[in-house]
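In what follows, a structure is listed as structure tokens, so that the remarks can point back to it.
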Amino acid sequence: MKYWLFKSEPESYSIDDLKRDKKTFWDGIRNYQARNFIRDNIKKGDLVLFYHSNADPNAVVGVCEIIKEAYPDNTAFDPESKYYDPKSKNEEPTWFMVDVKFKFKFKKPVTLQEIKNNSKLKNIRLVHRGNRLSLFPIDKNEYEIIIAMSEK
DNA sequence: GCCAACGTTGGC
DNA sequence: GCCAACGTTGGC
């Protein structure tokens, strides 16, 4: 089993939206590196830290679990969708998505500042300079440190 | 709202 | 295949 961090802007989809919906499809990934993680590496049962970006404060706010592995992101086929990509064809889709289900919301969000201040987390991609990937893998111990920080 | 970082596009 | 221009992300 692997561990991931997914970013979402709470204005478009927050941890509370996921809590309400119980599960959702993670659509709109339009970056090849993120696409490769989704298509090739993300497996059912993997755990995902849910991160609020462009938020106040920016923070990891909860955990969800992968319940369905990569399948074509059909918003790419829909000219009405903001994620429409005419280069993605039904018979050979460019973009994929996964389904996640809500696990739990942190009692206390773990803010970006706290993560930056924790020397044990200095290698997490979240704090790398210029990191713009919307999802990426994290180590098991990084996952566990952040969970522990949310319980303090 | 600004702007650094960086991925993508398209002309050559 | 190079690289300038452009668009987007996301922290501040």
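Treat the numbers as computed from the prediction; the structure is a model and nothing was measured. Proteins come first, then strands; the chains are lettered A, B, ... in the order of their sequence lines, and each starts at number 1.
Heavy-atom minimum distance, A/V127 versus A/L121: CG2-O, 4.0 Å.
Closest approach to the A/Y32 side chain among C/dG11, B/dT8, C/dG7 is made by B/dT8 (side chain taken as heavy atoms from C-beta onward). Of the candidates B/dA5, C/dG11, B/dG7, C/dG11 carries the atom nearest the A/K116 side chain, counting heavy atoms from C-beta on.
Distance A/D56 CG to C/dG10 C1': 14 Å, rounded to the nearest Å. The separation between A/R125 atom CZ and C/dG10 atom P is 13 Å, rounded to whole Å. One atom, CD of A/E9, and another, P of C/dT8, lie 13 Å apart when rounded to the nearest Å. Between the C1' atom of B/dT8 and the CH2 atom of A/W95 lies a distance of 10 Å, rounded to the nearest Å. The nearest whole Å value for the distance from the NE2 atom in A/H52 to the P atom in C/dG10 is 13 Å. Distance CD1 (A/I29) to P (C/dT8): 16 Å, rounded to an integer number of Å. At whole-Å resolution of the value, CG in A/L112 and P in C/dT9 are 18 Å apart. Rounded to an integer number of Å, the gap from A/I115 CD1 to C/dG11 P is 10 Å.
The phosphate of B/dT8 has neither OP1 nor OP2 within less than 4.0 Å of any side-chain N or O from A/K87. At the phosphate of C/dG10, OP1 or OP2 sits under 4.0 Å from a side-chain N or O atom of A/K7. Considering only side-chain N and O atoms, A/R129 lies under 4.0 angstrom from the phosphate OP1 or OP2 of B/dA5. Listed pair A/K82 / C/dT8 fails the phosphate criterion, with no side-chain N or O lying under 4.0 Å from OP1 or OP2. Under 4.0 angstrom from either OP1 or OP2 of B/dG7 there lies no side-chain N or O belonging to A/N31.
Looking at heavy-atom distances under 4.0 Å, A/N54 makes contact with a base. Here A/L133 lies in heavy-atom contact (under 4.0 Å) with sugar-phosphate atoms only.
Just one of A/V60, A/N141, A/V63 meets the side chain to side chain contact (heavy atoms under 4.5 Å, CB included) condition when paired with A/I146; it is A/V60.
Using cut-offs of 30° and 60° for the angle between ring planes, the A/F106 and A/F104 rings count as tilted.
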Trace of the ring pair (Phe, Tyr, Trp, His ring centres under 6.0 Å) decision for A/Y32 with A/W95: CA-CA 8 Å; A/Y32 286 100; A/W95 306 113; 4.8 Å; yes

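Ring centers of A/W4 and A/F37: under 6.0 Å apart, within the cut-off.
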